[in-house]
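Before any comments, here is the structure.
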2 protein chains.
Amino acid sequence: MDDARVSGWDECLRAQGFRVTPQRHLVLQAVSTLQHATPEEIYGYIHERVGGLNLSTVYRTLEVLEKVGLITHTHIEHGSPTYHEVAQAVHVHLVCRICKNVDSIPAEAIAPLLEVLVDTRGFRADVGHLAIHGTCSACS
Amino acid sequence: MDDARVSGWDECLRAQGFRVTPQRHLVLQAVSTLQHATPEEIYGYIHERVGGLNLSTVYRTLEVLEKVGLITHTHIEHGSPTYHEVAQAVHVHLVCRICKNVDSIPAEAIAPLLEVLVDTRGFRADVGHLAIHGTCSACS
DNA sequence: CTGACTGCAAAAGGTTTGCAAAAAG
DNA sequence: CTTTTTGCAAACCTTTTGCAGTCAG
């Protein structure tokens with residue numbers, strides 16, 4: 001609540017013609033708190049603490065929050081996408097194939113890669129959306 | 001058929017206790033030909049050329065082929081995973097958020113990144129499984 | 001007030017599963 | 001022959017959609 005990370009979220013919505021509702025506040029808070037949460041997890045989190053929120057509202061809200069640029073999503077594993085706040089430091093996800101753990105590294109760590117992509121292909125990578133699968137140190 | 005890329009596939013299956021069936025041959029060929037195909041696309045491709053193959057068989061076959069190491073999958077976009085042959089040169093997928101095009105770059109192009117990950121985190125990235133989302137040169 | 005948003009229920013994908021028949025080794 | 005694999009149909013799960021009532025601005 002009144003987390004520095006989510007301050008200004010309401011203006012951000014209004015500025016783009018969306019309305020500010022308690023549901024949107026709840027979902028944004030949940031995303032901020034949970035980090036890498038799936039729609040289902042977000043729903044569960046809110047539902048057990050506050051109750052009375054519809055799953056389809058979660059989906060629609062995530063869509064809106066992503067559209068206005070407050071959150072993004074990544075595909076960490078087979079199933080559902082996971083959402084996280086844009087305001088939190090941009091980071092790359094390292095997903096271990098074995099223990100399923102998700103580690104994060106700062107975006108700067110892969111700066112050389114980004115340069116290569118832009119230079120050779122003119123491709124501007126969306127870093128926050130990046131999940132690298134592999135084997136973590138503990139499992140290899 | 002008798003594609004150099006898929007030679008030895010039958011031994012590969014048998015060596016791990018699986019049986020060699022025409023369905024598995026068809027699916028492997030389709031994966032090899034289509035590149036980055038979803039289960040649905042693989043099914044459609046085979047079904048329209050040969051007919052009489054069940055979708056659930058495609059799913060089960062993809063699972064087996066992946067288990068024995070002949071193919072891998074990546075998550076290129078929201079929905080279904082896409083499969084490709086392991087024998088084909090290992091490459092990284094560049095997925096454009098706007099035009100949805102999938103470009104490929106050789107794995108060596110991101111060697112510096114892999115080193116950074118191993119050195120700083122001991123994380124061994126699975127390159128063939130990597131899809132980088134962003135904006136391609138044409139769309140940016 | 002008015003249009004955007006929510007909740008509900010039903011539909012729509014996409015993937016998995018149980019079982020009996022067919023095929024591989 | 002024995003055991004795996006296939007086809008079929010039904011179950012499942014996640015996500016989307018239509019609609020009427022509700023709420024934000």
Side-chain angles (χ1 to χ4, degrees), chain A residues 9-31 34 36-48 50-68 70-83, chain B residues 9-31 34 36-48 50-68 70-83:
Chain A
W9 65 280
D10 44 353
E11 286 85 3
C12 184
L13 278 169
R14 267 190 281 261
Q16 303 191 44
F18 293 98
R19 295 188 173 170
V20 175
T21 67
Q23 290 88 339
R24 288 176 178 171
H25 192 185
L26 286 169
V27 170
L28 184 56
Q29 279 181 185
V31 169
L34 296 174
H36 306 141
T38 62
E40 206 80 24
E41 288 164 349
I42 292 165
Y43 170 75
Y45 179 81
I46 297 172
H47 196 72
E48 79 179 16
V50 189
L53 171 65
N54 197 277
L55 182 55
S56 56
T57 302
V58 172
Y59 278 99
R60 287 188 282 223
T61 301
L62 288 170
E63 198 184 323
V64 169
L65 294 178
E66 184 159 28
K67 194 172 296 173
V68 300
L70 288 168
I71 65 176
T72 351
H73 74 272
T74 316
H75 291 279
I76 284 191
E77 40 183 314
H78 252 187
S80 314
T82 64
Y83 289 82
Chain B
W9 65 280
D10 44 352
E11 286 85 4
C12 184
L13 278 169
R14 266 190 280 260
Q16 303 191 42
F18 292 99
R19 293 186 176 174
V20 175
T21 67
Q23 290 87 340
R24 287 175 179 170
H25 192 184
L26 286 169
V27 170
L28 184 56
Q29 280 181 182
V31 170
L34 296 174
H36 307 139
T38 62
E40 206 81 25
E41 288 165 349
I42 292 165
Y43 169 74
Y45 180 80
I46 297 172
H47 196 72
E48 79 179 16
V50 188
L53 171 65
N54 197 277
L55 182 55
S56 57
T57 303
V58 172
Y59 278 98
R60 287 188 282 222
T61 301
L62 288 170
E63 198 183 324
V64 169
L65 294 179
E66 184 160 28
K67 193 171 297 172
V68 301
L70 287 167
I71 66 177
T72 351
H73 74 271
T74 316
H75 289 279
I76 284 192
E77 39 182 315
H78 252 187
S80 316
T82 63
Y83 289 83

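Numbered from 1 within each chain, the chains take letters A, B, ... in sequence-line order.
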Result for 5'-nearest mapping on DNA chain C, choosing between P81(B) and V64(A), is V64(A)

note: E63(B), atom CD; dG14(C), atom P; distance rounded to Å ~ 19 Å

Residues in residues 13-23 of chain B with a heavy atom under 4.0 Å of DNA chain D, by number, are F18(B), R19(B), T21(B), Q23(B)

Please check if the side chain of E41(A) supplies one atom and the backbone of T38(A) the other of a donor-acceptor pair under 3.5 Å.
-> yes

Separation of dT5(D) atom P from R24(B) atom CZ, nearest Å, is 4 Å

| request: May I ask you to evaluate whether S56(B) reaches the phosphate of dG7(D), defined as a side-chain N or O under 4.0 Å from OP1 or OP2? | output: no

note: L62(A), atom CG; dC5(C), atom P; distance rounded to Å ~ 15 Å

Note to self: Which label fits H73(A) and Y83(A): parallel for a plane angle under 30°, tilted from 30 to 60°, or perpendicular past 60°?
What the structure shows: tilted

Exercise for review: Check whether any side-chain nitrogen or oxygen of R60(A) sits under 4.0 Å from OP1 or OP2 of dT16(D), and answer yes or no.
Suggested key: no

Q. Which is true for L53(A) with a 4.0 Å heavy-atom rule: it touches a base, it touches only sugar-phosphate, or it touches nothing?
A. sugar-phosphate

Practice task
Answer whether the closest heavy-atom distance between the side chains of V20(B) and R14(B) falls below 4.5 Å.
Solution key: yes

Open item on the list: Keeping R24(A) on the side-chain end and R19(A) on the backbone end, is there a donor-acceptor pair under 3.5 Å?
Closed with: yes

Separation of dT6(C) atom C1' from L26(A) atom CG, nearest Å, is 13 Å

note: H47(B), atom NE2; dT6(D), atom C1'; distance rounded to Å ~ 15 Å

Atom NZ of K67(B) and atom C1' of dT4(D) are separated, to the nearest Å, by 13 Å

Taken to the nearest whole Å, NE2/H73(B) to C1'/dG14(C) is 15 Å

query = E66(A) side chain to T72(A) main-chain N or O, any donor-acceptor pair under 3.5 Å?
reply = no

Worksheet item: Hey, does the side chain of T57(A) reach the backbone of L53(A) with a donor-acceptor pair shorter than 3.5 angstrom?
Response: no

Hits for ring pair (Phe, Tyr, Trp, His ring centres under 6.0 Å) against Y45(B), two or more places apart or cross-chain, chain-then-number order -> none

Look at the side-chain N and O atoms of N54(B) and state whether any lies under 4.0 Å from the OP1 or OP2 oxygen of dC8(D). yes

When rounded to whole Å, the OH to C1' distance for the pair Y43(A) and dT6(C) reads 13 Å

